[in-house]
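Not measured: the values here are computed from a predicted model. So you know, we letter chains A, B, ... as the sequences are listed, proteins then strands, and number each from 1.
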Amino acid sequence: MNPFHYSKPDTVQAAVDLSSPVSRFIAGGTNLLDLMKENLTRPEHLIDITGLPLADLSETPSGGVMIGALVSNADLAWHPWIQRRYPLLSQAILAGASPQLRNMASTGGNLLQRTRCYYFYDANVPCNKRRPGSGCPARDGLNRMHAIFGASDQCVATHPSDMCVALAALEAVVHVVGRGGARTIEFADFHRLPGDAPERDNQLADDELITAIELPAAGFAEHSHYLKIRDRASYAFALVSVAAALELDGPVIRQARLALGGVAHKPWRDRAVESWLSGQTVSRETFTAAADALLQSAEPLEHNGFKVRLARRAVVRALSDAALVGGQA
Amino acid sequence: MNASSKSIGQPLDRVDGLLKITGQARYAGEYPEDGLLHGSVVSGSIARGRVRRIDASRALTLPGVVTVIDHTNRPRIASDDEPYQDADAAEGSPFRPLYNDQVLYSGQPLALVIAENLELARYAGSLIEIEYEAQDHQTDLAILQNEAHPAPAELPKPRGNFQGEYASSALSVDVSYSTPIEHHNPMEPHASTVLYQPDGSLHIHDKTQGTQNCQAYVQKVFGLEKDQVRVFAAYVGGAFGSGLRPQYQLPLAVMAALALKRSVRVSLTRQQMFTFGYRPRTLQRVQLGAAANGRLLAVAHTAIGQTSRFEDFTEHVVEWSGMLYHCDNVELTYKLVPLDVYTPLDMRAPGAALGLIGLECAMDELACALAIDPIQLRLLNYAERNENEGKPYSSKELRECYAQGARRFGWDKRNPEPRSMREGRQLVGWGMAGGVWEAMQQKASARASLDANGQLTVSSATTDIGTGTYTVMTQIAAQASGISLENVTFILGDSSLPTAPLQGGSFTVSSVGTAVQQACEALNEKLLAVARQTCPAFAGATLEQVTFADGQLRLGEACVSLAELAQKSGETPLQVQVTAEPEEKRQAYATATHSAVFVEVLVDEDLGTVKVNRVVSAIAAGRVINPKTARSQILGGVVWGVGMALHEETLTDHALGRHMNHSLAEYHVPVNADIGDIDVVFVDEHDEIVNALGSKGVGEIGIVGVAAAVANAIYHATGKRVRDFPITLDKLL
């Protein structure tokens, strides 16, 4: 870890004003400190945002929930509003990390987790995400954990978050503040695919700070399910995860949301499949057809072909379980 | 003589438990010292080649950085192999850190930064630039398996006619298994704190399983006198074999201390815990031929293991296949492939944990082919003698392990048909396997010392790697001396104490425990001699007549406190030292521990996820000194066995020649949520041959056979044989 300057501002504006291309905001530090200890990122200035007034949940005028960026993952997962109205989000958070990490990690920080690709995590080997232009040994190397959707020649990494998969399915909105003022980013646009700039995980500018995540009113509390499949029962990143949410009218699907984790550089959604599902009747055949359609565009690497098979089955399982919640279907 | 207090067999809490849970037990990297310097190791990134240049200039400009040591400026170290050949050395030319410009494996230590604090040392290390001249490397065992050479190990000679009998067997299986590299990953990373004494001698706190091994190594490698080096290891936070050999942080810390005449600590990072010894990858082939009635007619087991280019690491992988079952026609083969990697190292039940995967999975496959219950097949082929050695066992209650384990598990309710049992979406599988490990004893010394207050102190240079050595030795000493537990202290972890072997192989209780017992008995003889001279009531007393109990010597109504005898002896404290050796009568016998492991798995039919729901491990290991610490040993072994079956694997990128999942986030060991109910059964096993304690040691046997039992249960659940370990869910889809 390199030496760094440390500041702890009191206001969002002060934090944003302090930021620069060589600074990083730090909240829980559950990923940033690891990255610094491994010399994978070397900020010269840490701006501690834990003193900012961003640790509350509130209801929005449109009936949704505004989650302050500093609400801890644990507090969010166990919050009665979230448990009751957005159980999908609660399940996804609790499927990630460990209780200790969830106690430290912030909502905003969760969005900014960096990939767990082995090559990214070893400063002694090439990695385009870490050192642009140095190469991607994962593409022909140990890529069992890697992407089957949306990868590029430069990068085959996946996004590690569980929470973000649920937020994608729920169509959350990210509120940010930068020197140029405040703006909102649709969740689907927040993270980016690697393309030819894999060093950029998301659309945030250097001076922009996440202040809140807004959940729309629709929480799919009746029919949602988060399914995570991993190499051990806890404290492992997803091989495949599925956030499934349905709005049902009897056996008929009125609206469907489906986001996958562990398969791409960002939470993976397929709007065509979602719209196809609406109007269909809940059945194993329907869900299998949706899974087949979703997986059609998968491009597996040498060691992760199983993810296509696994994702197909996981989608069917998650949709089936979502439909069953509340006793329907 | 008899000593009436029965401390052996009590489930005594760890005598060091309070110190450990309150943080008072100091580990090697925790000894404070004014002016202590901190070292950070700079690790190499290529698998083979040479160092062209190391540029430390940026590091050296930082205030507080004291020096950077590499092969060009290190202190003098030995130039022959012999001084580096420690008590657990493999055959060959041991690794010498910072010796020259040669790069032998990826992750090799190439420089050591010394600074005033750890953070600065690590940062400075990150600024060091190394230029390499890389050469082609090979780290993939599978690629070079056809170039394997015979391992320099003494294998049992082939017996009978394997080829002929195998060819004419009514039924046969011919199956291959592979097991991955695994790293020990004890909770405490390796560290050495070298305290530079005013007279120039070194007091070293090291993470090790052998203080005297490290003492001798440092003394020889650096050309020091014996009294200039003293090595301590009061507490060790797990080791599992990783501390059997001196690891490179030790000579690096010593180099810096000698060069600077200062006290120095070098601690390895978790990532660097993947840059030395490990359990080697193996490729195994097992061929079993049987008669239609299930009698084994032919057994062959071949294992190919990886090793480094500088040492031939060997372990006992295939011997067990000539030993666990009765068979007249046996052929065992063991080969090595040198690669551009570090030398492997013993890891919990070295060899057996691997070989029993092959043998016990193959036995399950044979049982299925024969349509015989797996326990029945094992009973049909039960070995009454160790046929490798042609000797009877000193004791062997494996039948009882099968019987009691099966009863506790409910094995009789098993439907043998694969995929026949389920709970909702979960396929239920029941599998079993047997285990075996040698019960060894080595020469060891101990000193017993009784002070004028009746406090007994017993000491030996062994270690306690978390197994409970402090506790069980205290129990043995209390029972042998007739002094109550609270008045007995056991001291270990200091190279200046009476000689003890490395702590490994499950032979510490057998070796050091015997020495402790004998030292206490010798002390009793001395106390009786004092009593004869000073107490008229004991004038003509013999050892057979008297009793040592509750801190007293008794004869009929007469009694005298041992404290008083110590006072009267004129020696303070009253002291004896003994050296215990294996008894002659062992020679005629084979000695071993055995186990039977029963496992229930739940496998998700669609998703392939495996949950080990229930394990029963029935162990025959002679007399159990402390059921609580012994059970903990077995629990740990079972958990690790589950990890071997399902999770653990060091992933090597062969293009880079480098281990890539070098963290506990990505190197998966089981977490609590992976582990279901574990039921440990110790079956009664009476043994008067193995040693006077009748105790065989339980450190290794708990892991042996577990991975095979899990794999066999997965087959029973799914109908799929996965022979490439670990059995991750992708292999079950």
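Most heavy-atom pairs under 4.5 Å with chain A, from the set B/Asp604, B/Leu120, B/Ile46: that is B/Asp604. Counting heavy-atom pairs under 4.5 Å between each of B/His662, B/Glu119, B/Lys611 and chain A puts B/His662 at the top. Between chain B and the residues A/Ala233, A/Pro126, A/Ser98, A/Ser234, the most heavy-atom pairs under 4.5 angstrom are made by A/Ala233. Chosen from B/His654, B/Arg425, B/Glu666, the residue pairing most often with chain A at heavy-atom distances under 4.5 Å is B/Arg425. Top candidate by heavy-atom pairs under 4.5 Å with chain A, chosen from B/Lys731, B/Arg122, B/His647, is B/His647. When each of B/Thr609, B/Ile675, B/Leu656 is checked for heavy-atom pairs under 4.5 Å with chain A, B/Leu656 comes out on top. Between chain B and the options A/Arg309, A/Met145, A/Glu38, the largest number of non-hydrogen pairs under 4.5 Å is found for A/Glu38. For the set A/Asp34, A/Asn124, A/Asn39, the count of heavy-atom pairs under 4.5 angstrom toward chain B peaks at A/Asn124. For the set A/Arg230, A/Arg116, A/Arg144, the entry with the most heavy-atom pairs within less than 4.5 Å of chain B is A/Arg144.
For B/Val669, the parts sitting under 4.5 Å from any heavy atom of chain A are the backbone and the side chain alike. Interface residue B/Glu605: only backbone heavy atoms are found under 4.5 Å from chain A. A/Phe237 touches chain B through its side chain: at least one heavy atom from C-beta onward sits under 4.5 Å away, while N, CA, C and O do not. At a 4.5 Å heavy-atom cutoff, the contact between A/Arg42 and chain B is made by side-chain atoms alone. Only the backbone of B/Thr652 comes within less than 4.5 Å of a heavy atom in chain A; its side chain stays farther off. Neither the backbone nor the side chain of B/Ala655 has a heavy atom closer than 4.5 Å to any heavy atom of chain A. Both the backbone and the side chain of B/Ser126 come within less than 4.5 Å of a heavy atom of chain A.
Judged by distance alone, the side chains of B/Gln108 and B/Thr275 never bring a donor and an acceptor atom under 3.5 Å apart. Judged purely by distance below 3.5 Å, without hydrogens or angles, the side chains of B/Thr139 and B/Asp340 never pair a donor atom with an acceptor atom. If you check the side chains of A/Ser161 and A/Asn110, you find a donor sitting under 3.5 Å from an acceptor. B/Tyr667 and B/Asn185 form no side-chain donor-acceptor contact under 3.5 Å, judged by distance and modelled atom types alone. Side-chain contact check for B/Asn613 and B/Glu600: at least one donor-acceptor pair (N or O, by modelled atom type) lies under 3.5 Å. For the residue pair A/Ser90/A/Tyr226, the side-chain donor-acceptor check at 3.5 Å is not satisfied. For the residue pair A/His45 and A/Ser7, a side-chain donor N or O sits within less than 3.5 Å of a side-chain acceptor on the partner.
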May I have the step-by-step check of side-chain contact (heavy atoms from CB on, under 4.5 Å) for B/Glu129 and B/Ile54, ending in yes or no? CA-CA 6 Å; B/Glu129 286 168 28; B/Ile54 295 181; over 6 Å; no
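Ring-plane geometry between B/His659 and B/Tyr278 is classed as perpendicular, the angle between the planes exceeding 60 degrees on a 0 to 90 degree scale with a lower cut at 30.
With B/Val612 as the partner, the side-chain contact (heavy atoms from CB on, under 4.5 Å) test is satisfied by one option alone out of B/Ile678, B/Val642, B/Val706: B/Val642.
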